[in-house]
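Numbered from 1 within each chain, the chains take letters A, B, ... in sequence-line order. Source: prediction; values computed, not measured.
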Protein chains: 4
Amino acid sequence: MSPHESPVSTPIAVPPKRERRKHARPGELLEAALHVFVDQGFGAAKVEDIASRAGVSKGTLFLYFASKEELFKAVVRDTIVGQLSQFQVAVDTFEGPTPELMRTMVHAWWQHSHANGSTGIAKLMLSEGKHFPELANFYRTEVIDPARGLIARLLARGLARGEFRAIDPTYGPYTLLSSMIFLALWHHAPGLRSPQDGPPSAQAYLETLLDAYLGGMLVRQT
Amino acid sequence: MSPHESPVSTPIAVPPKRERRKHARPGELLEAALHVFVDQGFGAAKVEDIASRAGVSKGTLFLYFASKEELFKAVVRDTIVGQLSQFQVAVDTFEGPTPELMRTMVHAWWQHSHANGSTGIAKLMLSEGKHFPELANFYRTEVIDPARGLIARLLARGLARGEFRAIDPTYGPYTLLSSMIFLALWHHAPGLRSPQDGPPSAQAYLETLLDAYLGGMLVRQT
Amino acid sequence: MSPHESPVSTPIAVPPKRERRKHARPGELLEAALHVFVDQGFGAAKVEDIASRAGVSKGTLFLYFASKEELFKAVVRDTIVGQLSQFQVAVDTFEGPTPELMRTMVHAWWQHSHANGSTGIAKLMLSEGKHFPELANFYRTEVIDPARGLIARLLARGLARGEFRAIDPTYGPYTLLSSMIFLALWHHAPGLRSPQDGPPSAQAYLETLLDAYLGGMLVRQT
Amino acid sequence: MSPHESPVSTPIAVPPKRERRKHARPGELLEAALHVFVDQGFGAAKVEDIASRAGVSKGTLFLYFASKEELFKAVVRDTIVGQLSQFQVAVDTFEGPTPELMRTMVHAWWQHSHANGSTGIAKLMLSEGKHFPELANFYRTEVIDPARGLIARLLARGLARGEFRAIDPTYGPYTLLSSMIFLALWHHAPGLRSPQDGPPSAQAYLETLLDAYLGGMLVRQT
DNA sequence: TATGAATGAGAGTTCATTCAT
DNA sequence: GATGAATGAACTCTCATTCAT
């Protein structure tokens with residue numbers, strides 16, 4: 001800074017390039033890792049590919065993550081944690097018909113999951129969960145169980161309000177959840193989708209799903 | 001045939017044990033490979049494990065399959081072939097209410113799939129489909145599309161008979177199919193299932209699913 | 001073999017080349033490893049160098065030894081263990097003056113150690129023992145302690161027979177042992193020996209050592 | 001110098017702390033390096049450990065020493081310089097019995113060596129001498145040869161005064177020297193010492209050694 | 001002068017594949 | 001046909017060294 005410059009105009013100093021990059025590194029690496037892990041699977045992913053996708057060398061990656069496995073854990077944690085808490089609140093505070101709440105939440109879930117990459121994580125956990133029991137555990141307790149619980153509360157709310165009929169408490173939630181998870185997985189398996197159908201529309205898929213599901217759950221009006 | 005053998009007791013010549021095993025080799029290898037690939041994933045599976053599970057040496061495996069990839073392809077092709085044709089016939093010949101047909105078929109599908117290992121194939125295709133586009137294509141053409149078609153015909157049958165209401169023709173079948181595929185995948189991811197629920201009951205899961213699904217699809221009777 | 005050769009002359013079948021090499025491999029690798037470890041130290045030694053010195057590839061080495069460290073342990077065991085038991089026997093069965101026994105054993109020790117490479121091991125343990133506590137432990141209990149005990153018994157024998165005077169029981173044995181170990185180390189540090197003295201003569205060194213040592217230990221005759 | 005400082009108390013100007021530290025850097029690094037090299041060996045020592053032990057960053061270390069090897073050489077050179085000259089004088093000026101002189105010097109040697117780290121240098125030269133022939137040369141010329149000469153002069157003095165008997169001139173000095181060097185090495189190999197003996201007492205070790213050694217060297221009195 | 005983020009060559013180890021027997 | 005010893009390319013991870021700040 002020259003002595004004539006007024007420091008007032010730049011009260012917040014712009015960090016030097018190196019410094020700024022340093023703070024961005026973990027995030028850049030996590031993003032790159034999510035992409036490569038989802039694309040290749042954990043075993044087939046090469047750390048060098050992840051590093052070069054983040055624009056750094058192999059060695060740099062190990063400056064931030066102690067091992068490939070730790071990187072994987074960090075990706076899962078970074079992508080998933082704190083995803084579901086907001087949905088919990090929504091269920092508790094919403095006022096109005098349960099079908100509408102369900103509709104809203106299912107769509108919101110997809111929007112979030114699709115945007116932050118957690119659909120790819122779901123695929124990963126299914127494929128490689130066996131090799132990472134600790135992570136699978138983490139994923140189950142942090143993601144699957146809460147998600148199932150959330151749907152269970154939704155069903156209970158509908159039942160209490162006379163909107164839904166009763167359903168098996170253990171497997172009932174899975175009836176909806178399974179189709180949602182399938183959508184996530186399906187999204188990452190382009191080779192398995194019929195090309196003639198064009199790109200799958202998550203909107204339409206979910207709408208159809210909700211239509212069928214709610215049609216089944218709603219109490220029959222005479 | 002040695003002069004000491006009595007041909008009388010075995011009117012249809014049973015080949016001597018060694019001979020039979022020799023001819024059975026590829027099948028034994030495919031079976032072992034299916035198990036190990038499903039259990040470990042393609043990348044993490046070791047050919048040595050497959051070979052020793054089949055009771056042969058590593059070298060022998062390569063006598064029958066040119067590479068690990070070829071073995072994988074053979075496993076998928078071998079397991080998939082001719083799965084659905086019998087179901088096609090069932091739909092065409094069945095007489096009676098469509099819900100009953102659907103119920104029967106869904107349970108029969110699981111029984112078959114579970115027994116012959118095709119649930120494992122579903123998991124494999126989802127995990128590795130991207131790296132074997134040709135196989136993914138094959139799987140889609142041979143399994144997914146027919147399965148979806150089958151359900152579509154079921155839905156059409158119900159609609160024609162006044163039993164089902166109309167549903168989106170593209171995504172409608174997936175509404176049921178997705179939950180079935182999920183069951184198959186779920187079966188191979190023990191780490192993701194809640195231990196407190198005990199081993200999952202496919203029967204109960206499918207019954208609950210059909211209950212909800214059919215409840216939604218059935219025309220409301222006043 | 002030409003058809004005219006009489007097979008009678010070779011009644012014991014020479015094992016096929018592959019087979020013979022297979023059985024020789026561990027020994028060849030241990031020999032190569034001893035050489036390279038002593039020459040470079042454990043840390044600086046490259047498994048590839050060891051393998052190629054044994055005439056095999058890197059991968060082959062890991063067929064016989066699970067890791068570099070296991071290879072090192074095997075070298076130590078192979079080179080040293082069972083070395084000392086024969087000396088134990090010698091002390092117990094020898095009849096005659098203790099000074100003569102000591103002389104005989106010190107020279108025999110050098111001959112053995114020098115021939116089988118255990119002098120190099122001594123140097124290694126001293127240099128890198130800290131990084132392999134388990135091995136250092138092994139070496140101390142299997143080599144150092146027995147050697148010290150052996151000398152202690154020699155001194156006790158001399159004392160009992162009125163040939164030696166008493167000496168500190170803890171450090172007394174080291175007075176001889178230290179000079180023997182030094183010879184072993186010195187042998188592997190050519191750069192530390194004065195070139196003008198020519199190659200060191202272990203014979204002369206040990207003779208001089210014994211002369212001084214025994215001269216001090218012998219009871220003064222009036 | 002700040003105006004508040006009183007110059008009276010320090011007639012010889014003490015440089016301000018930062019300045020002094022700056023000039024002390026190489027020395028601090030050498031000290032840290034000696035410790036880490038002795039503790040870990042050259043190969044296993046990490047420059048980062050040395051730097052952080054000296055309280056500077058890795059980069060700073062390379063400001064003063066061009067490479068790890070150069071640092072090693074500097075450590076050895078720095079520690080060795082001018083070790084023995086004082087002992088030379090002692091031999092020439094001492095008046096009294098040679099055994100007493102020898103006793104004094106051996107103990108003094110240990111005190112010095114132990115205090116200034118040259119026991120560690122001995123270990124390093126033994127371990128790494130082969131890879132640093134120039135240093136080994138240096139060490140031999142500056143340390144070993146003078147030490148051996150010193151002992152040779154001691155023995156000659158004793159012989160001339162009728163206190164010692166004659167001994168091989170080449171290996172005779174090593175008889176004492178070897179045990180001293182062994183003590184130095186032994187000190188740095190805790191894993192090789194028997195735990196039941198407790199920490200080794202250099203005093204007792206040396207006293208026992210001298211007892212045996214001198215007992216042998218002294219002319220027999222009738 | 002001092003930093004520490006970044007590098008990349010090089011190490012140990014694994015495993016699909018080959019081939020002499 | 002069957003074996004299993006041998007291979008070597010490929011991978012993860014380390015760390016001396018560099019250089020922008």
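The separation between A:F42 atom CZ and F:dC11 atom C1' is 12 Å, rounded to whole Å. Atom CG in B:L61 sits roughly 12 Å away from atom P in E:dT18 (whole-Å rounding). The CZ-P distance, from D:F65 to F:dA16, rounds to 16 Å in whole Å. Between the P atom of F:dT17 and the CD atom of D:E69 lies a distance of 8 Å, rounded to the nearest Å. Look at CZ on B:F72: it is 19 Å from C1' on E:dT17, rounded to the nearest Å. Taking atom CD1 of D:I50 as the reference point, atom P of F:dT17 lies 11 Å away to the nearest angstrom. For the pair D:Q40 CD and F:dT14 P, the interatomic distance rounds to 16 Å; values are reported in whole Å. Rounded to a whole Å, the CD atom of A:E48 is 12 Å from the P atom of F:dA10.
Taking the six-membered ring for Trp and thresholds of 30 and 60 degrees, C:F72 and C:F42 have ring planes inclined between 30 and 60 degrees apart.
Sequence order on DNA chain E of the closest nucleotides to A:S57 and B:G43 puts A:S57 first from the 5' end. Comparing C:K46 and A:L63 by the nucleotide of DNA chain E that holds the closest heavy atom to each, the one mapping nearer the 5' end is A:L63. Nearer to the 5' terminus of DNA chain F, by closest-nucleotide assignment, is the contact made by B:T60 (compared with the other of B:T60 and A:K68).
Helical stems involving DNA chain F, defined as 3 or more consecutive Watson-Crick or G-U pairs under 3.5 Å, span E:2-21 with F:2-21.
Side chain of B:S67 to backbone of B:E70: a donor-acceptor contact under 3.5 angstrom is found.
Among the atoms of the strands shown, base atoms are found under 4.0 Å from some heavy atom of B:V47. Contact annotation for D:A45: backbone-only contact, meaning every heavy-atom pair under 4.0 Å involves sugar-phosphate atoms and none involves a base.
Side-chain proximity of A:F62 to F:dG4, E:dG4, F:dC13: nearest is F:dC13. For D:V56, the side-chain atoms get nearest to E:dT3 when compared with the rest of F:dA5, E:dT3, F:dA16.
You won't find any donor-acceptor pair under 3.5 Å spanning the side chain of A:K58 and the base of E:dT7, going by distance alone.
With sequence neighbours excluded, no residue forms a ring pair (Phe, Tyr, Trp, His ring centres under 6.0 Å) with D:Y139.
Geometrically, C:K73 does not engage C:F138 in a cation-pi contact defined by less than 6.0 Å to the ring centre and at most 45° from the axis.
A salt bridge links D:E134 with D:R77; the closest basic N to acidic carboxylate O contact falls under 4.0 Å.
Residue-environment remark: CD (B:Q40) exceeds the threshold of 12 foreign heavy atoms within 6.0 Å.
Counting all heavy atoms, side chain and backbone alike, A:A74 lies closest to A:F65 at CB-CE2, 3.6 Å.
One finds no side-chain N or O of A:Y64 lying less than 4.0 angstrom from the OP1 or OP2 phosphate oxygen of E:dA5.
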